[in-house]
Amino acid sequence: MTDLHARPCRLDDAPAVAELVNTAIAAGGGRGEFAVSEFEDELRRCEHTRALFDPDGNMVAVGLVPRPPAGGDHVELIGGIHPAWRGRGLGRELLAWQLERSAPWSAQVFATVGDESAAALYERLGFTPMRYFLEMSAPTGGGAPVPPGAAFDPARAQELYRVHCDAFRGLWGYQERTFDEWADATVRAASFRPDLARLAVDGDTITAYVLPYDRGSLYIGQVGTAAQYRRRGIATALLTEVLSAAAGAGFEQATLDADAANPTGAPSVYANAGFVVDQHVVVYRHEAQPAR
């Protein structure tokens, strides 16, 4: 590594971080579609960052350690190595650096199923496969007409936050967040598309919601239904409406991620709206080390 220069990331590094991480994910068989604005948000939230540059100033490796939510128990580590620089020990050194700085929390990373080099790296450093997710996509437009959902209203963000927490609390991977933490990652995010978000309401009560984001294609980041309103086709109807609206906004494809073992039956909800599985992703976890 004597020919590489290391320094913390700056906010203006976000385009290079996005390009590098997306390139690394695509090389492993994944989507690689994160938006630059998402990394601007992440860099603002990170406790620690480290980037490696070649002699020409090109970013070839990056590792981010975001702050965990106030009520969380694990950190979602972010990073990547440019494919041309794999096999030189950079990934092992950078991930070990991230683990040191993510203590005392558990740490999670993900890899596309079939990315053997990533799997070998994670397992070598003590990560264990914990959960499988599905990367799914659907063409926009089409679908049968459905009753219109309510447009997103920023004045209802607090109510939407409470519905979200109630819908996801107890599911695998859920971390309790304050309203501001949740809002910064969702309805305040630069990539959020409030014009394409939809709410289902029963009287004055939000019963379900779909929150989409612009990643070039439309990424459906959150879909939730209040427990007492599940199994009624509400989320499928909202997704169908979002897909139709997305076509009118110029998007050709929508994507989302689904927990393969979600007890609410989310994958079948998405399939009913026209989404098909493109790839499988595995989440690896490194348990927190006891204090010495």
Side-chain angles (χ1 to χ4, degrees), residues 1-9 13 16-32 34 38-39 42-43 45-54 58-69 72-135 172-175 257 259-261 279-292:
M1 292 181 54
T2 55
D3 55 343
L4 297 180
H5 167 66
R7 65 164 171 80
C9 293
D13 287 321
V17 175
E19 181 179 2
L20 176 56
V21 172
N22 286 333
T23 297
I25 292 172
R31 273 195 210 118
F34 289 105
E38 292 180 274
F39 285 101
E42 290 293 350
L43 289 172
R45 287 192 290 262
C46 279
E47 289 283 358
H48 307 281
T49 65
R50 183 176 175 85
L52 303 178
F53 299 84
D54 68 15
N58 301 305
M59 187 181 294
V60 300
V62 67
L64 310 181
V65 184
R67 290 187 298 273
D73 67 347
H74 67 268
V75 178
E76 303 280 352
L77 300 181
I78 302 168
I81 309 297
H82 193 281
W85 286 79
R86 284 188 171 186
R88 308 188 192 195
L90 299 184
R92 183 171 64 253
E93 181 170 327
L94 194 58
L95 187 53
W97 177 89
Q98 289 176 287
L99 284 174
E100 289 178 0
R101 283 149 186 82
S102 62
W105 298 283
S106 296
Q108 290 184 182
V109 291
F110 71 90
T112 305
V113 172
D115 187 349
E116 296 180 358
S117 63
L121 170 63
Y122 297 154
E123 292 175 8
R124 181 172 183 176
L125 289 182
F127 285 83
T128 303
M130 294 293 293
R131 197 81 166 188
Y132 288 87
F133 281 74
L134 310 174
E135 291 188 341
W172 190 88
Y174 174 80
Q175 298 202 87
D257 302 311
D259 182 349
Q279 187 56 272
H280 293 75
V281 172
V282 56
V283 176
Y284 289 82
R285 189 176 178 102
H286 189 285
E287 297 299 340
Q289 300 301 306
R292 296 181 179 179

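One-based numbering along the sequence shown.
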If every non-hydrogen atom of Gln175 is compared with every non-hydrogen atom of Gly72, which pair is closest and at what distance?
OE1-CA, 2.9 Å
What is the distance from atom CG of Leu121 to atom CG of Leu90, rounded to the nearest 0.5 Å?
10.5 Å
Between Pro66 and Val75, the two heavy atoms sitting closest are O-CG1, 3.4 Å
Can you tell me how far apart CD (Glu100) and CG (Leu95) are? Round to the nearest 0.5 Å.
10.5 Å
What verdict does the side chain to side chain contact (heavy atoms under 4.5 Å, CB included) test give for Arg31 and Glu135, after you've listed the backbone C-alpha separation in whole Å, the side-chain angles of each residue and the deciding distance to 0.1 Å?
CA-CA 8 Å; Arg31 273 195 210 118; Glu135 291 188 341; 3.3 Å; yes
Could you go through Asp73 and Trp105, starting from their C-alpha distance and side-chain angles, then the distance that decides it, and tell me whether this counts as side chain to side chain contact (heavy atoms under 4.5 Å, CB included)?
CA-CA 6 Å; Asp73 67 347; Trp105 298 283; 5.6 Å; no
Would Glu287 and Ser106 count as a side chain to side chain donor-acceptor pair (under 3.5 Å) here? Give the steps.
CA-CA 4 Å; Glu287 297 299 340; Ser106 296; 3.2 Å; yes
Please check if atom OH in Tyr174 has more than 12 non-hydrogen atoms from other residues, nucleotides or ligands closer than 6.0 Å.
yes
Do Asp3 and Asp54 touch side chain to side chain, with heavy atoms closer than 4.5 Å?
no
Once rounded to the nearest 0.5 Å, what's the spacing between atom CZ of Arg92 and atom CD1 of Ile81?
11.0 Å
Can you find a pair of side-chain heavy atoms, one from Tyr132 and one from Val113, that are under 4.5 Å apart?
yes
Does a side-chain heavy-atom distance below 4.5 Å link Asp115 with Phe110?
no
Would a 4.5 Å heavy-atom cut-off, applied to side chains only, mark Leu134 and Asp257 as touching?
no
Give the minimum heavy-atom separation between Val282 and Pro129, together with the two atoms involved.
CG2-CB, 3.8 Å
Minimum heavy-atom separation for His82 to Leu20, with atom names?
N-CD1, 3.5 Å
Would a 4.5 Å heavy-atom cut-off, applied to side chains only, mark Trp85 and Leu4 as touching?
yes
For Ala96 versus Leu125, what's the shortest heavy-atom pair and its separation?
N-CD1, 4.0 Å
For the OG1 atom of Thr128 and the CD atom of Gln108, what is their distance to the nearest 0.5 Å?
11.5 Å
Check for a donor-acceptor pair, side chain of Arg67 on one end and backbone N or O of Arg45 on the other, with a separation under 3.5 Å.
yes
Any non-hydrogen side-chain atom of Phe39 less than 4.5 Å from a side-chain atom of Asp13?
no
Can you confirm whether more than 12 heavy atoms, excluding those of Glu19, are under 6.0 Å from its CD atom?
no
Do Phe127 and Tyr284 have their ring centres less than 6.0 Å from each other?
no
For Cys46 and Leu64, the nearest pair of non-hydrogen atoms, with its separation, is SG-CB, 3.6 Å
Side-chain heavy-atom pair His48, Trp97 within 4.5 angstrom cut-off
yes
Worked verdict on Val283 versus Phe133 for side chain to side chain contact (heavy atoms under 4.5 Å, CB included):
CA-CA 8 Å; Val283 176; Phe133 281 74; 3.7 Å; yes
Would you indicate whether the side-chain heavy atoms of Arg50 and Val62 approach each other to under 4.5 Å?
no
Please determine whether side chain to side chain contact (heavy atoms under 4.5 Å, CB included) holds for the pair Phe34 and Val17, giving the CA-CA distance in whole Å, both sets of side-chain angles, and the decisive distance to 0.1 Å.
CA-CA 10 Å; Phe34 289 105; Val17 175; over 6 Å; no
